[in-house]
Amino acid sequence: MRGKRIAVGVTGGIAAFKAATLVSRLSQLGADVRVIMTESATRFVTPLTFQILSRNHVAVDTFDEKDPSVVSHIDLADHADLIVIAPATANILAKMAHGLGDDMLSTTLLATRAPILVAPAMNVHMYENPVVQENLQILRDRGVFVIDPGEGMLACGYQGQGRMAEPEEIIARIEKILDASLPDWKGKRVVVTAGPTREPLDPVRYFTNRSSGKMGYAIAEAAARTGAEVVLISGPTSLTTPPGVRRVDVVRAEEMLQEVLKALPRADIIIKAAAVADYRPATVLDRKMKKRAEEVEIRMERTPDIAWEIGKRKGDRFLVGFAAETDDLEENAREKLRRKGMDLIVANDVTAEGAGFEVDTNIATVYDRNGPVAKWPKMSKEKMAERLIALIGERLNDR
Ligand code: PMT
């Protein structure tokens, strides 16, 4: 759930109190949660509750435009990876089924292209009313996901179906929906490289670069969610190993090469997001270099080009590289793709705001031998990793 952008629509029913637990759990799991409430929902729970639990502004009034640079309901619609409505009243289901947009939530729902999940909650007779059931069927036919209400004692005193699904069930369903865009790679083996390399000069100094490993770790995490066996060969970072991933730590480019070559025979897909140092000091001193002269010259030599080495040996394995560029993005990226025998290259302009090293987001264009195949605007590295895994999945299916 980490890095996922979830919009939670809360409508006016007593189950709105359970939405507080849902928002709290989603936030704890690392999702970026934006809550949109209807006016009637605010009669049950205050916007402040959701603001504190989500650490984000809560949208209620369509005309309360807080940020002049965006139109709120469009921004909320575009921002979301998924919208969940919990609880969903008969009223919001009817509005959705018939295209009404008369408040913040309904206009956001009309504007979004994200998957929508509804968790209906209402009195059993309302729920069983044929018009509510017809509206639910219209929504299902349109691809809206519905998590059926449970049976039991309802707040209105009736016994029957109408209780909103429990927050944990809703979260499990959200995870399933978000994973659906990923291919099924059970039985496949994926090797991902991430982070920088460090090239020592002496026991206390080294040359390195600004890579944090975030992009590569996000790729390893998304790859693991496909069911694949994932080996993450990582330079020094402060990140934690994603679940289900086997991590091999390295420091120097030479060590990264050796680990990649070890993993290669069993690999089906290799993704090289690491920022490997191109040069290393030609001599590594075994004692600390003393400060004597005003100026020093350090002779550097080339490190092995790992991607090129794999490109030579790859056979029918799928090789994806990254290109970190400051100039002539397309020309340089396509030249690297050809020279290193890659199937795809993800080019990021590391001078663009919100792209490249250290930040949580990236902006990239993906090329194959024939030219650009995808252009990805600014998005979280987690989202970009999923897009990349989905794209590789499509390419493998086409083979
Ligand atoms: O780690 P983050 O802070 O999240 O930042 C992400 C990133 C900017 C590091 C990542 O998105 C990225 O662009 N990684 C590749 C950086 C890089 O080394 O680019 P390059 O253009 O120098 O190299 C091209 C390709 O060859 C890369 O796949 C690289 O892994 C590979 N290479 C480069 C040199 C070398 N000696 N051996 C290699 O295998």
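Start at 1 and go down the list; that is how both ligands and their atoms are numbered.
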A.B. asks: Can you list the ligand 1 atoms lying under 4.0 Å from a non-hydrogen atom of Gly321?
C.D. replies: 28 (O)

A.B. asks: If you have a sec, work out which protein heavy atom is nearest atom 23 (O) of ligand 1 and how many Å separate them, to one decimal?
C.D. replies: Phe322 O, 3.7 Å

A.B. asks: Please identify which atoms of ligand 1 are closer than 4.0 Å to at least one heavy atom of Met215.
C.D. replies: 4 (O), 6 (C), 11 (O)

A.B. asks: Quick one: nearest non-hydrogen protein atom to atom 26 (O) of ligand 1, plus distance?
C.D. replies: Lys340 NZ, 2.9 Å

A.B. asks: With a sphere of 6.0 Å drawn around CZ of Arg339, does it hold more than 12 non-hydrogen atoms of other residues, nucleotides or ligands?
C.D. replies: yes

A.B. asks: Tell me which part of Ser211 gets within contact of ligand 1: side chain, backbone, both or neither, using heavy atoms under 4.0 Å.
C.D. replies: both

A.B. asks: As an exercise, identify every atom of ligand 1 less than 4.0 angstrom from a heavy atom of Ala307.
C.D. replies: 26 (O), 31 (C), 38 (C), 39 (O)

A.B. asks: Please determine, by modelled atom types, if Tyr217 and Ser234 share a side-chain donor-acceptor pair under 3.5 angstrom.
C.D. replies: yes

A.B. asks: Checking contacts here: is it the side chain or the backbone of Pro304 that comes within 4.0 Å of ligand 1, counting heavy atoms only? Could be both or neither.
C.D. replies: backbone

A.B. asks: Looking only at atom types and distance, does a side-chain atom of Arg142 sit under 3.5 Å from a main-chain N or O of Ala97, one as donor and one as acceptor?
C.D. replies: yes

A.B. asks: For ligand 1, which part of Ala277 has a heavy atom less than 4.0 Å away: the side chain, the backbone, both, or neither?
C.D. replies: backbone

A.B. asks: What about Gly213: any of its N or O atoms under 3.5 Å from an N or O on ligand 1?
C.D. replies: yes

A.B. asks: Backbone N or O of Leu264 within a donor-acceptor pair of the Arg313 side chain at under 3.5 Å?
C.D. replies: no

A.B. asks: Show me which atoms of ligand 1 lie under 4.0 Å from any heavy atom of Lys214.
C.D. replies: 1 (O), 2 (P), 4 (O)

A.B. asks: One residue to check: Glu358. Relative to ligand 1, which of side chain, backbone, both or neither has a non-hydrogen atom less than 4.0 Å away?
C.D. replies: backbone

A.B. asks: Just to be sure I read this right, does ligand 1 sit under 4.0 Å from the backbone of Thr303, its side chain, both, or neither, counting only heavy atoms?
C.D. replies: side chain

A.B. asks: Would you mind listing which atoms of ligand 1 come within a distance below 4.0 Å of any non-hydrogen atom of Lys381?
C.D. replies: 2 (P), 3 (O), 4 (O), 5 (O)

A.B. asks: If you have a sec, work out which protein heavy atom is nearest atom 30 (O) of ligand 1 and how many Å separate them, to one decimal?
C.D. replies: Ala274 O, 2.7 Å

A.B. asks: Could an N or O of ligand 1 be found under 3.5 Å from any N or O of Met342, whether backbone or side chain?
C.D. replies: no

A.B. asks: Of the side chain and backbone of Ile306, name the one, both, or neither that has a heavy atom under 4.0 Å from an atom of ligand 1.
C.D. replies: both

A.B. asks: What protein heavy atom lies closest to atom 18 (O) of ligand 1? Include the residue and the distance to one decimal.
C.D. replies: Ala275 CA, 3.4 Å

A.B. asks: Keeping the roles fixed (side chain from Thr365, backbone from Lys375), state whether a donor-acceptor pair exists under 3.5 Å.
C.D. replies: no

A.B. asks: Quick one: look up the protein heavy atom nearest atom 22 (O) of ligand 1 and list residue, atom name and how far away it is.
C.D. replies: Lys336 NZ, 4.1 Å

A.B. asks: With a 4.0 Å cut-off on N to O distance, would you call Arg252 and Glu199 a salt bridge?
C.D. replies: no

A.B. asks: Is it true that the NZ or CZ of Arg173 lies under 6.0 Å from the centre of Phe145's six-membered ring and within 45 degrees of the ring axis?
C.D. replies: no

A.B. asks: Between Glu255 and Val251 (side chain of the first, backbone of the second, donor and acceptor by atom type, cut-off under 3.5 Å), is there such a pair?
C.D. replies: yes

A.B. asks: Short question: side chain of Asp32, backbone of Arg34 - any donor-acceptor pair under 3.5 Å?
C.D. replies: no

A.B. asks: For Ala355 and ligand 1, answer yes if some heavy atom of the residue is under 4.0 Å from a ligand atom, otherwise no.
C.D. replies: no

A.B. asks: Hey, does the side chain of Thr89 reach the backbone of Gly12 with a donor-acceptor pair shorter than 3.5 angstrom?
C.D. replies: no

A.B. asks: Side chains of Asp103 and Ser106 only: does a donor on one sit below 3.5 Å from an acceptor on the other?
C.D. replies: yes

A.B. asks: Using a cut-off of 6.0 Å, state whether more than 12 heavy atoms not belonging to Arg140 lie near its atom CZ.
C.D. replies: yes

A.B. asks: Between Glu168 and Arg25, is the salt bridge (Lys or Arg N to Asp or Glu O under 4.0 Å) condition met? List the steps.
C.D. replies: CA-CA 8 Å; Glu168 290 304 332; Arg25 275 300 287 141; 2.9 Å; yes

A.B. asks: Looking only at distances, can you tell me whether any N or O atom of Val359, backbone or side chain, sits closer than 3.5 Å to an N or O atom of ligand 1?
C.D. replies: no

A.B. asks: Counting distance only, does the side-chain N/O of Thr208 pair as donor-acceptor with the main-chain N or O of Thr197 below 3.5 Å?
C.D. replies: yes

A.B. asks: For ligand 1, which atoms have a heavy atom of Ala273 less than 4.0 angstrom away?
C.D. replies: 9 (C), 10 (C), 12 (C), 14 (N), 15 (C)

A.B. asks: Tell me which protein heavy atom sits closest to atom 34 (C) of ligand 1, plus the residue, atom name and distance to 0.1 Å.
C.D. replies: Asp278 OD1, 3.2 Å

A.B. asks: Could you tell me the residue and atom name of the protein heavy atom closest to atom 13 (O) of ligand 1, and the distance to it rounded to 0.1 Å?
C.D. replies: Asn348 ND2, 3.0 Å

A.B. asks: Students should be able to answer this: which protein heavy-atom is nearest to atom 28 (O) of ligand 1, and at what distance?
C.D. replies: Lys272 O, 2.9 Å

